[in-house]
Each structure stands twice: as structure tokens, then as C-alpha cells.
2 protein chains.
Amino acid sequence: MDAKKRKALEAAGWKFGDAADFLGMSDEEKQLLDARVEMAIAVRRLREAMNLSQTDLALRLKTSQPRVAKIERAAPDVSFDQLFRAYTAVGGRVVVESKPRRMKFELQGAS
Amino acid sequence: MDAKKRKALEAAGWKFGDAADFLGMSDEEKQLLDARVEMAIAVRRLREAMNLSQTDLALRLKTSQPRVAKIERAAPDVSFDQLFRAYTAVGGRVVVESKPRRMKFELQGAS
DNA sequence: TTGATGTATACTGAATATGGTATACACTGA
DNA sequence: TCAGTGTATACCATATTCAGTATACATCAA
């Protein structure tokens with residue numbers, strides 16, 4: 001992990017003793033963390049593309065502006081479920097294919 | 001929603017007043033529920049392909065066999081986060097592409 | 001500077017998810 | 001039938017996530 005990423009994660013509320021701790025994360029944890037961060041970034045990008053404020057999105061999600069702020073930095077107390085809902089609420093799509101079976105979390109209006 | 005799917009969901013612990021209630025779900029909720037169910041199915045299929053018992057997987061996830069049973073039916077009190085960890089623990093992979101930006105939740109050894 | 005708008009941080013009580021345990025059920029082979 | 005293995009259901013105590021609120025900070029226009 002580069003310093004930049006670690007700094008961003010710590011800003012988001014994640015705690016690391018040092019880089020070795022991160023390297024010691026299980027593969028599952030790393031994949032989950034990556035997916036969370038990607039989805040959070042996507043939420044912000046899509047929201048801004050729609051010219052919605054955090055307050056606007058909060059209304060759609062039936063939550064508060066402060067929670068949207070947390071969602072967009074993938075804070076530790078934001079579940080993947082909530083990230084997912086926010087993501088789809090701003091136009092993110094999920095495609096489930098069968099052969100080969102896979103799930104794609106697609107961003108509309110990709111960069 | 002067909003009766004079969006609804007039956008499966010109810011068996012998993014989800015509650016529906018009637019089909020209209022389900023149709024009344026927001027798009028986000030439907031996408032999330034679908035993704036959860038797909039991931040749960042994937043966990044079971046991959047686990048069995050690896051010849052692991054629920055107890056074996058529970059050890060890897062540092063949880064209990066009963067919880068794995070819940071994970072595999074995408075019970076309402078199982079978070080997407082936990083589903084995700086289980087999924088990756090049995091070989092599921094996440095690929096994040098940049099152009100176009102999308103996330104794929106890929107099943108290894110797909111059917 | 002002031003007010004308006006958008007975003008971030010901190011705190012709380014309530015709701016939900018989690019691990020752990022006990023136990024029931026299903027299937028198989030001896 | 002019985003023992004062994006794998007899976008499902010039920011319950012509880014604890015931990016985590018949540019909405020709601022207050023408030024701080026940032027930017028911009030008048």
C-alpha cells in the first residue's frame with residue numbers, strides 16, 4: 001500500500017499500526033476494503049455528475065447529510081449494504097451474468 | 001417475481017405481505033436483494049466445489065457453522081460485508097477496472 | 001463582511017448484526 | 001438400529017451500524 005492510500009484510509013477513520021499491519025490483512029479483507037473504497041468514490045462521482053448535494057442524496061436514501069458524507073469516505077461504520085444502496089441510488093447498476101457467473105457493479109457515465 | 005423465488009426468500013427469513021409489496025420495492029432494494037442472493041448462492045457453490053463443510057468455512061471466517069448456514073441463505077441479519085468476506089474466502093474474486101470504471105464480482109470455477 | 005449553500009465532525013439512543021452455544025434434523029455407512 | 005457427519009433453527013449477550021441532531025468548516029456571491 002502506498003502512503004497516499006493509507007493516508008486516505010486513515011482520514012476515513014481506518015486504523016493501522018503500520019504498513020505491515022495492512023500487508024497482514026487477509027485477502028478477503030483487502031478485497032472488501034478495496035471494493036468499499038471504489039464504491040464510495042463512485043457514489044461521489046455519480047452524485048456530482050447528477051448535480052445533487054449530499055442533502056439531496058440523503059433525502060433519496062432516507063437518511064441524513066452527515067451520513068452521506070460518511071458513505072462517501074467509506075467510513076468503517078458504513079456497511080457495504082448502505083454503500084450499495086447509495087451507489088444504486090445515484091445510477092450505479094448491478095449486472096448478474098450466468099455463464100460465467102459473475103456480478104458486475106457498473107458505473108453509469110463512467111469516467 | 002415468481003413464486004419460487006419468493007418462496008426461497010421467505011424461507012431465508014424475508015417477509016412479504018404479498019407480491020405487490022415486492023414490486024413496490026425501490027430499485028435499489030431490488031438490486032441489493034438480488035446481489036445478496038446471488039452472492040449467497042455463489043458461496044455455497046464454491047464451498048461445495050472446494051469440498052469444505054460449513055464448519056470448515058466457519059473456521060476460515062472465524063465464525064460458527066450456524067452463521068455460515070445463515071450466510072448461504074442470505075438471511076436478513078447477514079450483512080453484505082459478511083457475504084462478501086465469505087464469498088472471497090471460497091475463491092470469489094473482485095476485479096476493479098478503470099475504463100470504463102466498474103466492479104466485477106467474479107466467481108472462480110463458474111458453473 | 002455577511003449570508004447562503006455545501007460538506008465534515010461529534011455525539012447519542014435505538015436498531016441491527018455478530019459470535020457463541022445448544023439442539024434439532026437429515027443422511028449415510030456399519 | 002446406531003454412530004458419525006453435515007446442515008438448520010433458536011436463543012442470548014455483545015458489538016456494530018444507524019438516524020437524528022448540533023455544530024464546525026469551506027466556499028462563494030452580494
Side-chain angles (χ1 to χ4, degrees), chain A residues 7-15 25-26 28-29 32-33 35-37 39-90, chain B residues 7-15 25-26 28-29 32-33 35-37 39-90:
Chain A
K7 193 177 175 184
L9 288 167
E10 287 179 338
W14 299 91
K15 304 294 180 192
M25 284 180 80
S26 71
E28 296 92 73
E29 290 167 329
L32 178 56
L33 188 49
R36 286 173 59 96
V37 170
M39 200 164 283
I41 291 168
V43 169
R44 167 152 299 183
R45 187 155 47 76
L46 291 172
R47 175 180 62 78
E48 292 178 341
M50 294 175 84
N51 279 303
L52 297 177
S53 66
Q54 289 187 344
T55 304
D56 294 333
L57 178 52
L59 279 172
R60 295 190 181 206
L61 293 173
K62 298 184 181 174
T63 184
S64 58
Q65 173 271 320
R67 192 118 263 265
V68 173
K70 283 192 155 195
I71 288 168
E72 292 185 353
R73 65 185 164 97
D77 71 339
V78 173
S79 68
F80 204 120
D81 301 66
Q82 191 165 47
L83 275 166
F84 190 103
R85 285 192 200 91
Y87 170 68
T88 52
V90 290
Chain B
K7 193 176 175 184
L9 288 167
E10 288 180 338
W14 299 91
K15 303 295 179 192
M25 285 179 81
S26 72
E28 296 92 73
E29 290 165 329
L32 177 56
L33 187 50
R36 288 172 57 95
V37 170
M39 200 165 282
I41 290 169
V43 170
R44 168 151 300 182
R45 187 156 46 77
L46 290 171
R47 175 180 61 78
E48 292 178 341
M50 294 176 85
N51 279 304
L52 298 177
S53 67
Q54 288 186 342
T55 302
D56 295 333
L57 177 52
L59 279 172
R60 295 190 181 205
L61 293 174
K62 298 182 181 175
T63 184
S64 58
Q65 172 271 319
R67 189 119 264 265
V68 174
K70 283 193 155 193
I71 288 168
E72 292 186 354
R73 64 186 165 96
D77 70 340
V78 174
S79 69
F80 204 119
D81 301 66
Q82 190 164 49
L83 275 165
F84 190 103
R85 284 193 200 90
Y87 170 70
T88 52
V90 290

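Just so it is clear: chains get the letters A, B, ... in the order the sequence lines come, proteins before strands, and each one is counted from 1. Below, all heavy atoms of this structure are taken into account, side chains as well, without hydrogens, waters or symmetry copies.
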Suppose we screen for side-chain contact (heavy atoms from CB on, under 4.5 Å). Which residues come up paired with Ala49(A), at least two apart in sequence or across chains? none
What residues form a side-chain contact (heavy atoms from CB on, under 4.5 Å) with Glu48(B), not counting sequence neighbours? Arg44(B)
Can you name the nearest heavy-atom pair linking [X] to [Y], along with the distance?
X	Y	value
Ser64(A)	Ala58(A)	C-CB, 3.4 Å
Phe80(B)	Arg36(B)	N-NH1, 3.7 Å
Ala89(B)	Leu61(B)	CB-CD2, 3.7 Å
Val68(A)	Thr63(A)	CG2-CG2, 4.4 Å
Leu83(B)	Ile71(B)	CD2-O, 3.4 Å

Separation of [N] [atom2] from [X] [atom1] (nearest whole Å):
X	N	atom1	atom2	result
Leu52(B)	dT5(D)	CG	P	17 Å
Phe84(A)	dT17(D)	CZ	P	18 Å
Asn51(B)	dT5(D)	CG	P	16 Å
Gln54(A)	dA19(D)	CD	C1'	16 Å

Would you tabulate the side-chain donor-acceptor contacts of residues 50-57 of chain B under 3.5 Å, counting partners in other chains and residues two or more places apart, or write 'none'?
from, atom 1, to, atom 2, distance (Å)
Ser53(B), OG, Thr55(B), N, 3.4
Ser53(B), OG, Asp56(B), N, 3.0
Ser53(B), OG, Asp56(B), OD1, 3.4
Ser53(B), OG, Asp56(B), OD2, 3.1
Gln54(B), OE1, Gln65(B), NE2, 2.9
Gln54(B), NE2, Glu72(B), OE1, 3.2
Asp56(B), OD2, Ser53(B), N, 2.9

What are the atom names and distances for every N/O pair under 3.5 Å that joins the protein to nucleotides 26-30 of chain D?
none

Using a 4.0 Å cut-off on protein heavy atoms (strictly under), produce a 5'-to-3' string for nucleotides 16-30 of chain C with B for base contact, S for backbone-only sugar-phosphate contact, and - for none. -SBSBBB--------
Distance check: side-chain N/O of Arg73(A) vs OP1/OP2 of dT9(C), anything under 4.0 Å? yes
Determine: side-chain N/O of Arg47(B) to OP1/OP2 of dG6(D), distance under 4.0 Å, yes or no. no
With sequence neighbours excluded, give me every salt bridge (charged side-chain N to carboxylate O under 4.0 Å, His left out) pair touching residues 59-69 of chain A. Arg67(A)-Asp77(A)
Is a side-chain N or O of Asp81(B) found less than 3.5 angstrom from the main chain of Ser79(A), in a donor-acceptor match? no
Per the end-axis method with five pairs at each terminus, what is the bend angle of the helix from dT1(C)-dA30(D) to dA30(C)-dT1(D), to 10°? 30°
Hey, what do you get for CG (Leu32(B)) to OH (Tyr87(A)), rounding to the nearest 0.5 Å? 13.0 Å
